[in-house]
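Indexing begins at 1, ligand by ligand and atom by atom, following the structure's order. This chain uses plain numbering: 1 for the first residue, then up along the sequence.
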Amino acid sequence: MENGCLNSVVRVALPVPLPRSFDYLAPVDISVADIGRLVRVPFASGEKIGVILALPDLAAVDPARLKPLGPVLREVPALPADWLALVQFAARYYHHPLGEAVAVALPPGLRGAELMDDRSADPWLMLNEAGRAALASPGRASRVRALAEHLIAGEQPRSALVEAFGAAAVREARQRGWVDEAPSCAKADLSDAPTLNDEQTAAVEAVWSAAERFSPFLLHGITGSGKTEVYLRLIERALAAGKQALLLVPEIGLTPQLEARVAARFPRARRVALHSGATDGARCRGFIAALDGSADIVIGTRLSVFSPLPRLGLILIDEEHDASYKQQDGLRYSARDLAVWRAQQAGVPIVLGSATPSLETWQAAQSGRYRMLRLERRAAAAAPPTVRLIDTRRIKLKDGLSPPMEAAISARIERGEQSLIFLNRRGYAPVLACPACNWVSDCDHCSAHRVFHLSERILRCHHCGTEAPVPRACPQCGNQDLHGFGRGTQRVEEYLAARFPHARILRADRDSIKTPAHWAALRHAIEAGEADILVGTQMLAKGHDFPKLTLVGVIGADASLFAADYRAPERLFQQLMQVGGRAGRAGLAGEVLIQTEFPEHPLFDALRRQDFDGFANAQLEERAQAHFPPCGAQAVLRAEAPEVAQAIDFLNMAREAAEPYADAVRLYDAVPMRLVRRARLERAQLVIEADTRGALQQLLAHWVPLLHAMKSPRALRWHVDVDPIDL
Ligand SMILES: Nc1ncnc2c1ncn2[C@@H]1O[C@H](COP(=O)(O)OP(=O)(O)OP(=O)(O)O)[C@@H](O)[C@H]1O
Ligand SMILES: [Zn+2]
């Protein structure tokens, strides 16, 4: 395509939910240098900002109908080719419209020009020549003079100057032309950094010796082993080499703590924090700072995997097993998987860190595709916590708590230590189980459990769709007291308050904590020892360092021991290891108590021995036998409609359409989902499996376009989820 050729076509990706790109008439001054630039275009009755994808020779529609392109936003650097490739790959792999992928990848409200000023919210200011000259000549003492004198020793953040000398003095110093914004400086401040132990040093060296090429690592370190310190040292290396570092973190509450640690270590580096809680403006500024190369470190949740990073030198994924890396609507991408793709494309190292890696990553490390780095000792505390099981089969629980658990809490209160009561409250589907002989309602055809549907009095396999009546007694031992799991645990906090009237109790879950500020206040209260008992869910499980916490009590764990989802044991193990890791992080010894009716379950046994390897390998073997991921690939087609029959009909039609291409894949029956009704719609799903991702992708490439073309009731919605994490 030559430059400036009249009547040529511009192909644009627009953030709209349509499976195609859009063509516009090119202005005379368009050139290939504009590919990847943002552009304003007329769309419907309004305007949209899109991304220029290409300058094709021929339009996809009648050229006479093309509208002229709007202004190209040349003040914003063009999105680089590797960014476009990433978004195109995501759209292709997840079989999602490119425009929607672009909409996910671009920060909302991106407009261009106005973002380019006010680069940093809190710039560092330094005394310039004029300022020095002014100080050298005599003058009356004033606040602005005091400020200038203060700056002789070195630059300071504007916020600190405002605090010390007042906003008026800072403004005047700028007006008089005495100060300039200091350029950012990526140097680490190591004054508070611990000396690395041998394992940490080995990990840092291993990664950095592979710095110039794609090299994936699993950093498998027990809780408290100093993984974060390894990340910080690697970022330091990357920055010193003039590169950008991308640090992905899970969704829940963790970001502020990690952000603070990164900020303390790299006080003068240009840091960008990207998460869905940030304002649109902040996200746009962060995105642009990443794109124009001025950002040194990008920390963010899954969406930050789409940050354009022209100087990318390192990707880190903290708690890589975390479910929040998978987007659960729209473009259902896995930020972890995309990050690996990205590292490969950019030829940089990537470190996936976890105490309890996902089986996907674990398998990759076992097979040698990823290199395994181990941190097996706690960095600061003496030893990992001891894990004990409380057999609740013969104990009467009071609002979910056993006497031994109460005694343990009581002992902590007396010693002035903290306890954390962890409620496993995920809405796992109940399966039927027998506490006497450990019988579980397994499917005869699959290695999945059948789910107990109370309303219909049936057991149904959500994998293959077969059903069975609910047995009156255990088919194995005759016990009539079969349990469905998932009983409520809400009253625990109230019960604890009544049982320990003088204890200070703090609750932390998604319902009680609405804002990041609230969460931060709560954390400070815990750290300051202003609580005796913490009651919480997931939120408290991750990454926190509470020095006085020595007891972690787990209740309600059994529900996920026998959940229908084959990933439930993996998740339970991860959660319990992680929450257990909160106990005894400083000098004090930690203890984990788990209440269960299944104390012989191998999962608990592995947990007691802190044997992640054994657990993971046993799970992998089970998955291999069942051809479940990661020993096979899955996708699921879900449909929702006012009536479940409509959804099932659609899925059956879809199934038929897939059959001609289904040589290398297994198509299961359409089944109603566990939570059939949601938001007044009824949902059903169809599982597709293949032995390899390639075979699965091949089917999807044929099939998804057929789905788009298929007739369906107006109110029916469907989507494809590739590599689903919830079935
Ligand atoms: N080499 C070291 N020497 C002394 N203390 C260290 C060292 N490395 C890390 N620490 C300290 O040990 C504690 C745990 O470290 P860090 O938070 O990095 O562990 P982690 O593996 O990321 O933990 P988790 O996965 O449980 O969140 C921190 O207080 C940290 O400052
Ligand atoms: Zn089945």
Side-chain angles (χ1 to χ4, degrees), residues 188-207 217-236 245 247-266 299 316-322 324-325 351-358 361-362 372-385 387 418 420 422 523 526-527 534 536 538-550 552 573-590 592 607 610 612:
D189 172 2
L190 292 170
S191 52
D192 281 333
T195 311
L196 295 187
N197 62 34
D198 294 350
E199 289 179 330
Q200 288 171 316
T201 304
V204 170
E205 294 307 329
V207 175
F217 294 90
L218 164 58
L219 178 61
H220 183 211
I222 63 168
T223 54
S225 59
K227 294 185 289 296
T228 311
E229 189 57 41
V230 171
Y231 302 151
L232 294 172
R233 300 299 175 117
L234 287 172
I235 294 174
E236 184 189 338
L247 169 55
L248 297 182
V249 297
E251 196 70 63
I252 299 177
L254 256 186
T255 343
Q257 238 183 2
L258 202 64
E259 254 177 70
R261 274 177 84 172
V262 173
R265 183 63 56 87
F266 305 99
I299 308 183
L316 304 165
I317 308 185
D318 189 28
E319 310 288 1
E320 67 85 30
H321 63 276
D322 195 273
S324 73
Y325 286 123
V351 180
L352 291 78
S354 177
T356 52
S358 64
T361 301
W362 181 253
M372 175 114 72
L373 306 168
R374 297 228 192 216
L375 305 180
E376 293 180 324
R377 291 190 310 268
R378 281 199 157 183
V387 177
Q418 291 172 324
L420 162 60
F422 177 73
R523 251 182 19 241
I526 299 171
E527 274 160 18
L534 319 171
Q538 294 266 62
M539 280 197 117
L540 282 177
K542 294 179 187 174
H544 308 296
D545 231 330
F546 302 131
K548 297 198 106 176
L549 184 70
T550 58
V552 170
F573 193 91
Q574 287 164 347
Q575 256 185 17
L576 295 186
M577 279 281 263
Q578 205 158 35
V579 71
R582 299 313 110 210
R585 286 175 73 94
L588 306 166
V592 180
L607 202 65
Q610 302 272 301
F612 177 81

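- Heavy atoms of Gly224 come nearer than 4.0 angstrom to ligand 1 in at least one pair.
- Scanning for side chain to side chain donor-acceptor pair (under 3.5 Å) contacts around Gln200 gives an empty result, with sequence neighbours left out.
- In Arg261, the part holding a heavy atom less than 4.0 Å from any atom of ligand 1 is the side chain.
- Of all atoms in ligand 1, listed by their number and element, those nearer than 4.0 Å to a heavy atom of Leu196 are 1 (N).
- No donor-acceptor pair under 3.5 Å is formed between the side chain of Gln418 and the backbone N or O of Leu534.
- Note that CD of Glu319 is 12.5 Å distant from CG of Leu248, once rounded to the nearest 0.5 Å.
- Residues Arg374 and Leu219 fail the side-chain proximity criterion, which asks for heavy atoms closer than 4.5 Å.
- Here is the list of ligand 1 atoms found below 4.0 Å of a heavy atom in Thr195: 1 (N), 2 (C), 3 (N).
- Ring geometry for Phe573 against Phe612 counts as tilted: the plane angle lies between 30° and 60°, on a 0 to 90° scale.
- At least one heavy atom of Ser225 sits less than 4.0 Å from an atom of ligand 1.
- Note: His321 and Trp362 fail the aromatic proximity criterion, with ring centroids not under 6.0 Å apart.
- With ligand atoms numbered from 1 in the order given, ligand 1 contributes 9 (C), 15 (O), 16 (P), 18 (O), 19 (O), 20 (P), 21 (O) to contacts under 4.0 Å with heavy atoms of Gly226.
- Neither the backbone nor the side chain of Arg378 comes within 4.0 Å of ligand 1, counting heavy atoms alone.
- Comparing Gln200, Lys227, Glu319 against atom 8 (N) of ligand 1, the shortest heavy-atom distance belongs to Gln200.
- Residue contact check: Asn197 has heavy atoms under 4.0 Å from atoms 1 (N) of ligand 1.
- Each of the following atoms of ligand 1 lies closer than 4.0 Å to a heavy atom of Thr223: 26 (O).
- Side chain of Lys227 to backbone of Gly353: no donor-acceptor contact under 3.5 angstrom is found.
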